[in-house]
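Computation of the quantities below employed the complete heavy-atom set of this structure, encompassing side-chain atoms and omitting hydrogens, waters and symmetry-equivalent molecules. Order of listing sets the numbers, starting from 1, for every ligand and every atom in it.
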Amino acid sequence: MNSNAVIAIHGGAGTILRASMSAGAETEYHAALHAVLSAGQRVLADGGSALDAVSEAVRLLEDCPLFNAGHGAVYTAAGTHELDAAIMDGSTLEAGAICCVKRVRNPVLAARRVLERSEHVLFTGEGAEAFAAAQGLEFVEPAYFDTEARHRQWLLARDQQRAVLDHDGATLAAASPANQGDGEPTPHEPIDPNRKFGTVGAVALDRHGHVAAATSTGGVTNKQVGRVGDTPLIGAGCYADDATCAVSTTGSGEMFMRMVAAYDVAAQMAYRHVSLQEAAYDVVMNRLPKIDGRGGLIAVDARGNVTLPFNTEGMYRGFARLGETPVTAIYR
Ligand code: ASP
């Protein structure tokens, strides 16, 4: 039995500024991250697999309206929601993913069914929903994903005709004149097109020595209909291999796709023989910034090392080892 079992999660990266966050909101985020980590810890403590732990953690994050996945997902340019998710098992290299679904309550569960019960890896749109329905997964009306906060972010982004990362949208909304009042006032600045993310993810090492990763998102605010980012792409938004590590990313999806960011962490470990920390740091701090890639990732290796680097102002994140109090953080 591996005594280094651990779970790490993220709730997206971006321009998360202390000035745009009330003390109450900050407490809420910490509490939500803590609850999800505790649930993941329980799965691992009971001898559950890393795959079980990451799907349960991401399912809970999808159900939490604070994060841009499932209930609380951002809006497309058409005012709709299109959800993407992926999951990968490091012990078998099996993977499953779905993208552009509109009515599946928990996209990560659909991705897991693809991993377990399909010969394919990635389903899109109607086909993904048909597969999820055939698997008996829960469906909801599209309005289930609506939240007031994301709607406000979308209206602001739409007015500025930009696609915006979720937590940058939140900063923008907080800075809008309508929201000046409590907290420190922040100027109403135009959205920087390079600052836009949200998304949730989990990585885990179980007591049997296996790793897994899962990532789920509503994408970026005001994205074009049909746009798919890095999240559901194995190797870009999610990757897991017992031989190296498990990775879940968040950030400017297009850049993470171009850098094959999640896989690059594993590849650097395998081919350059560097540590998890070194590989992850190189991807986030050196390689992604070369193409203006903003965001971060969480990763664990089979020895129980954990790393959570990001190159933005903040990233909702945390990790929990068995028998220890979960650690959560938001800012740099
Ligand atoms: N990477 C996600 C996407 O591009 C966004 C995010 O991480 O918030 O869809």
Side-chain angles (χ1 to χ4, degrees), residues 9-16 29 58 61-62 64-70 72-77 80-86 97-101 107-108 111 122 124 145 149-150 153-154 157 162-172 191-203 213-239 247-264 283-284 288 291-299 308-317 330:
I9 60 172
H10 70 75
T15 310
I16 306 168
Y29 274 105
V58 170
L61 288 162
E62 287 178 341
C64 176
L66 293 176
F67 303 106
N68 167 25
V74 298
Y75 289 75
T76 67
T80 55
H81 304 281
E82 294 184 349
L83 313 175
D84 309 327
I98 49 114
C99 62
C100 284
V101 297
V108 72
L122 173 61
T124 181
F145 300 111
R150 303 284 184 244
Q153 289 167 17
W154 172 58
R162 298 263 176 77
V164 176
L165 282 174
D166 176 45
H167 297 310
D168 292 337
T171 298
L172 182 82
I191 301 173
D192 174 344
N194 298 318
R195 301 178 166 216
K196 37 187 169 128
F197 333 87
T199 292
V200 305
V203 293
T215 314
S216 179
T217 193
V220 292
T221 299
N222 209 34
K223 66 183 180 182
Q224 284 188 32
V225 168
R227 177 267 188 189
V228 177
D230 58 326
T231 302
L233 301 185
I234 298 304
C238 180
Y239 192 72
V247 182
S248 170
T249 71
T250 174
S252 41
E254 282 69 11
M255 287 59 172
F256 281 67
M257 289 154 85
R258 287 160 58 195
M259 279 291 173
V260 201
Y263 179 71
D264 195 32
V283 170
V284 174
L288 280 163
I291 56 167
D292 288 331
R294 292 186 69 246
L297 60 82
I298 55 173
L308 311 98
F310 54 98
N311 61 29
T312 49
E313 288 76 1
M315 179 167 84
Y316 296 104
R317 63 199 186 277
I330 300 177

When rounded to the nearest 0.5 Å, the distance separating CG of Leu233 from OH of Tyr239 is 14.0 Å
For ligand 1, find out whether one of its N or O atoms is nearer than 3.5 Å to an N or O atom of Val220.
no
Decide whether an N or O pair under 3.5 Å exists between Gly251 and ligand 1.
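Looking only at distances, the answer is yes, because the N/O contact criterion of under 3.5 Å is met.
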Suppose I only count heavy atoms of Gly253 and a 4.0 Å limit; which atoms of ligand 1 are within that range?
1 (N), 4 (O)
Which of the numbered atoms in ligand 1 are below 4.0 angstrom from a heavy atom of Thr231?
1 (N), 2 (C)
Who pairs with Tyr75 by ring pair (Phe, Tyr, Trp, His ring centres under 6.0 Å), at least two apart in sequence or on another chain?
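By the ring pair (Phe, Tyr, Trp, His ring centres under 6.0 Å) rule, Tyr75 matches His81, His151, Trp154.
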Pairing residues for Pro65 by the side-chain contact (heavy atoms from CB on, under 4.5 Å) criterion, not counting sequence neighbours
His71, Thr147
Shortest reach to [atom] by a heavy atom, considering only [options]:
atom                   : options                : result
atom 7 (O) of ligand 1 : Thr250, Asn68, Leu297  : Thr250
atom 4 (O) of ligand 1 : Arg227, Met315, Lys223 : Arg227
atom 3 (C) of ligand 1 : Thr217, Thr249, Asp230 : Asp230

State, without any angle test, whether Ser216 and Glu62 hold a side-chain donor-acceptor pair at a distance under 3.5 Å.
yes
So is Gly12 in contact with ligand 1, going by heavy-atom distances below 4.0 Å?
no
Close side-chain approach of Val220 and Arg227, heavy atoms under 4.5 Å:
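In contact.
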Salt bridge flag under 4.0 Å for residues Glu313 and Arg294:
yes
